[in-house]
Novice: 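Right, I'll just put the structure down here and ask away after.
When a ligand or atom number is given, it counts from 1 through the structure's own listing order. The figures here come from the full heavy-atom set of this structure, side chains too, leaving out hydrogens, waters and symmetry mates.
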Amino acid sequence: MKKDRILVTGGTGYIGSHTVVELQNAGYPVVIIDNLSNSSRDVLDGIERITGQRPDFVEADCTDINALKKLFSDYPGIKGIINFAASKAVGESVQKPILYYRNNLNTLLNLLDLMTPNDVKGIVFSSSCTVYGEPDENPVTEQSPIKKATSPYGNTKQISEEIITDVINSGAPFKSVILRYFNPVGAHPSAEIGELPNGVPQNLIPYLTQTAMGIRKELSVFGDDYDTPDGSCIRDYINVVDLAKAHVIAVQRMLEDKSDEQIEIFNLGTGRGTSVLELINTFESATGVKVPHKIVGRREGDIEKVWANPEHANKVLGWTAGSTLEDTMRSAWAWQCKLRERGIM
Ligand code: UFG
């Protein structure tokens, strides 16, 4: 049976592109909208090389409601939306709060506004473990308290969850699945797509792989005096392909009315906490490549430790993050090597 068309906003970005691959592999026709502010058209070639299909692509900004209206009329029959389109750098959001509130909230409002007139059955929203702030207890469940956001970026995720809840509670005729990601890392095993941040990477893995490649002199480990076994911060690093697969399950769930709930929230993590120093060791042993690093002071705003209790997603979605951290590190390295081969990095 022919599957319904899915709109993926931000579909040329890091998590978006991996999700488009999994959607196409599962037989869903995809249309991507992306303004290419933090990605490039070449990503479409990577997706096509992996899946044998080129997704439909519209270069436009989701804050432009007229562009979205045109998209819905040019591509009829969209039944599901996955909303990745958002600005995502925590530090930048402190400097440019208006940009963050405008991009992240107006995009969501426009999409929600157009769902009912276009008969869209559901929206998957990219949320974040950032909503838990510094948790009182680990692992965190979906019922763990939501803490006051520590950045405008984090606040957009909290407000977005509230907007979706209010709209659904007002009687909107569609469903939503909110996915709270922990730390997505790695790349597609084909090394055709992966994470490609603009400029100097802010996140650990791209900085680490660029250091291993010799592009950066050394990796700074932000703090070794935290209350953790080795003193460095702990996160739950989840493989990006595992993460992408959860979106396909969430879309199916909404489109096939598998749940009586109109709104559902899931943590997407592995359930394992890994420290920064452990992660460096794992990368080195998995790839055989050394990562020069030094301990520096703490980074402002960092959470000491957070990892997921993913049991709700395991049970209800029948999904687990199955990849090993070693394989994930090898995939991140293969992607970095591919960028070098292509003369990009
Ligand atoms: N780190 C270093 N050195 C670096 C970069 C990071 O030691 O050069 C450490 C950080 O201190 C932290 C860990 O590596 O302990 C992970 O840092 P990231 O910047 O990779 O990720 P964060 O956990 O800070 O943030 C990520 C996303 C955010 C999101 C947040 C929670 O980048 O967008 O998870 O969802 F909000």
Novice: Would a single hydrophobic cluster contain both Phe222 and Tyr237, if residues Ile, Leu, Val, Met, Phe, Trp and Tyr are joined by side-chain heavy-atom contacts under 4.5 Å?
Specialist: no
Novice: Just to be sure I read this right, does ligand 1 sit under 4.0 Å from the backbone of Thr130, its side chain, both, or neither, counting only heavy atoms?
Specialist: both
Novice: In the protein, which heavy atom is nearest to atom 20 (O) of ligand 1, and how far is it?
Specialist: Leu204 N, 2.9 Å
Novice: Starting from atom 30 (C) of ligand 1, which protein heavy atom do you reach first, and at what distance in Å?
Specialist: Ser128 OG, 4.3 Å
Novice: Indicate, as side chain, backbone, both or neither, the part of Lys88 found under 4.0 angstrom from ligand 1 when only non-hydrogen atoms are considered.
Specialist: backbone
Novice: Which protein heavy atom lies closest to atom 7 (O) of ligand 1, and at what distance to 0.1 Å?
Specialist: Phe222 N, 3.0 Å
Novice: Quick one: does ligand 1 sit under 4.0 Å from the side chain of Tyr237, the backbone, both or neither, non-hydrogen atoms only?
Specialist: side chain
Novice: Where the closest heavy atom to atom 17 (O) of ligand 1 is concerned, which of Arg216, Arg299, Arg235, Gln202 has it?
Specialist: Arg299
Novice: Are the side chains of Tyr75 and Leu7 in touch, meaning some heavy atoms are under 4.5 Å apart?
Specialist: no
Novice: Does Phe182 have Arg235 sitting over its ring (NZ/CZ under 6.0 Å from centre, angle to axis within 45°)?
Specialist: no
Novice: Give the contacting part of Lys157 toward ligand 1: side chain, backbone, both or neither, where contact means a heavy-atom distance below 4.0 Å.
Specialist: neither
Novice: May I ask you to identify, for Asn183, whether its side chain, its backbone, both or neither come under 4.0 Å of ligand 1 on a heavy-atom basis?
Specialist: side chain
Novice: Can you list the atoms of ligand 1 that are under 4.0 Å from a heavy atom of Tyr153?
Specialist: 29 (C), 33 (O), 36 (F)
Novice: Nearest protein heavy-atom contact for atom 28 (C) of ligand 1: which residue, which atom, what distance?
Specialist: Val90 CG2, 4.0 Å
Novice: Once you restrict to heavy atoms under 4.0 Å, what part of Val276 touches ligand 1? Side chain, backbone, both or neither.
Specialist: side chain
Novice: So if I count the atoms of ligand 1 from 1 in the order they appear, which ones are less than 4.0 Å from some heavy atom of Ser220?
Specialist: 2 (C), 3 (N), 4 (C), 7 (O), 8 (O)
Novice: Could you list the atoms of ligand 1 found under 4.0 angstrom from a heavy atom of Cys233?
Specialist: 15 (O)
Novice: For atom 32 (O) of ligand 1, grab the closest protein heavy atom and report residue, atom and distance to one decimal in Å.
Specialist: Asn203 ND2, 2.6 Å
Novice: Would you say Ile123 ends up clustered with Ile15 if hydrophobic residues are merged whenever their side chains have heavy atoms under 4.5 Å apart, either directly or through other cluster members?
Specialist: no
Novice: Are Ile295 and Leu279 connected into the same hydrophobic cluster when the rule is that any two of I, L, V, M, F, W, Y join if their side-chain heavy atoms are below 4.5 Å apart?
Specialist: yes
Novice: For residues Pro135 and Ile303, determine if any side-chain heavy atom of one lies less than 4.5 Å from a side-chain heavy atom of the other.
Specialist: yes
Novice: Give a yes/no verdict on a cation-pi contact between Lys121 and Phe174, requiring under 6.0 Å between NZ or CZ and the six-membered ring centre and an angle within 45° of the axis.
Specialist: no
Novice: Using every non-hydrogen atom in the two residues, find where Cys233 and Tyr226 come nearest and quote the distance to one decimal.
Specialist: SG-CE1, 3.3 Å
Novice: For ligand 1, note which part of Leu219 has a heavy atom under 4.0 Å away: side chain, backbone, both or neither.
Specialist: side chain
Novice: Given side chains that start at C-beta, do those of Ile238 and Asn183 come closer than 4.5 Å, heavy atoms only?
Specialist: no
Novice: Which ligand 1 atoms does Cys129 reach within 4.0 Å, using its non-hydrogen atoms?
Specialist: 31 (C), 35 (O)
Novice: Looking at Asp302, which atoms of ligand 1 are within less than 4.0 Å of one of its heavy atoms?
Specialist: 10 (C), 11 (O), 24 (O)
Novice: Report the residue from Ile249, Val251, Val248 that forms a side chain to side chain contact (heavy atoms under 4.5 Å, CB included) with Glu22.
Specialist: Val248
Novice: Val221 versus ligand 1: do any nitrogen or oxygen atoms come within less than 3.5 Å of each other?
Specialist: no
Novice: Would a hydrophobic clustering, with Ile, Leu, Val, Met, Phe, Trp and Tyr connected at side-chain separations under 4.5 Å, put Ile159 with Val131?
Specialist: no
Novice: Is it the side chain (CB and beyond), the backbone, both or neither of Pro201 that lies under 4.0 Å from ligand 1, heavy atoms counted?
Specialist: neither
Novice: Side chains of Arg180 and Leu268, heavy atoms from C-beta outward: is any pair under 4.5 Å?
Specialist: no
